[in-house]
Number of protein chains: 2
Amino acid sequence: MKKTKDENTEVQILDAAKNVFQSKGMDGARMQEIADKAGINKAMLHYYYRNKQLLFEAVFNNAFSLLAPQLNAVLNDDSSIEKKIRNFTSNYIAFMDKHPYLPAFVIQELNRNPEFILKMKNNLGFPNIEKFKIQVNQEVKDGILKPISAEQLFMNVMALNVFPFVAKPLLMAFTNTDDEAYNGLIEKRKTEVADFIINSIKNV
Amino acid sequence: MKKTKDENTEVQILDAAKNVFQSKGMDGARMQEIADKAGINKAMLHYYYRNKQLLFEAVFNNAFSLLAPQLNAVLNDDSSIEKKIRNFTSNYIAFMDKHPYLPAFVIQELNRNPEFILKMKNNLGFPNIEKFKIQVNQEVKDGILKPISAEQLFMNVMALNVFPFVAKPLLMAFTNTDDEAYNGLIEKRKTEVADFIINSIKNV
DNA sequence: AAATGGTTTAACCAACTGGTTAACAAATTT
DNA sequence: AAATTTGTTAACCAGTTGGTTAAACCATTT
């Protein structure tokens, strides 16, 4: 009896590919390394995914489909802007603990190939700002929030939450922190970032 | 002085290398492309910079030495926290117009090779948070600022300013903006980001 | 004008890379 | 149980890549 892997192999390949692509990027990744990490022959990669580009896209789409629901929580949920920002901030940081390479990977590969995201915009569930925009404008009109455009607010929320993960090595160096201390800073941000934002935009 | 070119060639190589490395990264860059862009033979690259790694490091250090003074403006200047944040925000965005690839490049390469920054920390003029820390603590103590740690404030300032450039393709997709509209958003941030921060941290 | 020494080139090379092939083994169908 | 399909492997291949070499080039020195 050879192996009871069948469909298992395909998953093992995807796991290994995720691992290698997300830490080294498309250009730095080697098919041989992915095969080794998956514990199989290099030819199997092509048997299941035909070529490097398609394997990469499988990994990328997979990564993006994890990220999208997180963002939709801020964009398309029905609760108040304040509540959504508080929720998103604490959720997102917890989410990052499980997928630390994810945002840097997505951002890096989109910078390498900006047209790539155009295909994705058509996908159902692709995060879109329209509903959020209406909601922000309404809360500004109602005097709940100080005047701010939805785009700027969204950029600020994203920046404050995502950047500390994307630029971790840089920020560790500037703030003179080791891994443990830096994670401590991040942990505090679960509440502090939301306070920081709300503080700035909420009318009193 | 032998040829009219001799110093010139070295600069032309560095310019071409900057161009290629910053848009494609270490792994995606090709020595042949750099040589072509510099209008010279590939062997010349090795004559002047010995190998790809050293040429890359020349580019990286060059990029970093442009970035460092910008950050030191926030960390080591003597004016008040508010003034420095306002200055930095408007300066940094203007600076990015001239070097759009810079932050994504630095961040990407540091993620690929985090140990790389350790060598740099010893360099004179490497941005360090210590002075900024004392100043923030003082202003908090004096009641000028609401309680916040210098590290968190610094991370926030960096995030709000740098992230929109690093994640440009992603944010363009989410906010449904083309290049022109997105640049318009950025332009507004020269003042809005500082307001956003000050709003949140200043006592009234 | 011959010698000098830094600069530049074309040709070359060994190692690597993504991808293919043909044969073989297991599982499934007939 | 024979035939067919699916999964897996080792060996191979052609194109690319970073890097080398030996000879030519050219501005100055002797």
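Convention: sequence-line order gives letters A, B, ...; per-chain numbering from 1. Note that these values count all heavy atoms, side chains included, but never hydrogens, waters or copies made by symmetry.
For the pair A:Y47/A:T9, no side-chain contact is recorded, criterion being any heavy-atom separation below 4.5 Å from C-beta on.
Here the shortest heavy-atom pairing between B:F174 and A:P127 reads CD2-O, 3.5 Å. Here the shortest heavy-atom pairing between A:P169 and B:I117 reads O-CD1, 4.2 Å. When all heavy atoms of B:N183 and B:K168 are compared, the pair lying nearest together is OD1-NZ, 3.8 Å. Looking at every heavy atom in both residues, A:D77 comes nearest to A:K84 through O-NZ, 3.1 Å.
Look at CG on A:N41: it is 13 Å from C1' on C:dA22, rounded to the nearest Å. In this entry the distance linking NE2 of A:H46 with P of C:dT21 reads 12 Å, nearest Å. Going from atom NZ of A:K42 over to atom C1' of C:dG18 covers 6 Å, rounded to whole Å. C:dT20 atom P lies 12 Å from atom CG of A:L45, rounded to whole Å.
For B:D27 and A:R112, the salt-bridge test fails: no basic side-chain N is under 4.0 Å from an acidic carboxylate O. For the pair B:K202 and B:D195, the salt-bridge criterion is not met [side-chain N within less than 4.0 Å of a carboxylate O].
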Donor-acceptor contacts under 3.5 Å from residues 159-167 of chain A side chains, at least two apart:
from   : atom 1 : to     : atom 2 : distance (Å)
A:N161 : ND2    : A:V157 : O      : 2.9

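None of A:V20, A:V59, A:I40 except one satisfies the side chain to side chain contact (heavy atoms under 4.5 Å, CB included) rule with A:I34; the exception is A:V20.
Residues from residues 49-58 of chain A that place a heavy atom under 4.0 Å from any atom of DNA chain C, listed by number: A:N51, A:K52. Scanning residues 21-34 of chain A for heavy-atom distances under 4.0 Å to DNA chain C yields A:A29, A:R30, A:M31.
Under 4.0 angstrom from either OP1 or OP2 of C:dT7 there lies no side-chain N or O belonging to B:T9. OP1 and OP2 of C:dT9 both lie 4.0 Å or more from every side-chain N or O belonging to B:Y47.
In this structure, of D:dT8, C:dG19, C:dT9, it is D:dT8 that holds the atom nearest to the side chain of A:M44. Between D:dG19, D:dG7, C:dT21, one nucleotide has an atom nearer to the side chain of A:Y48 than all others, and that is D:dG7.
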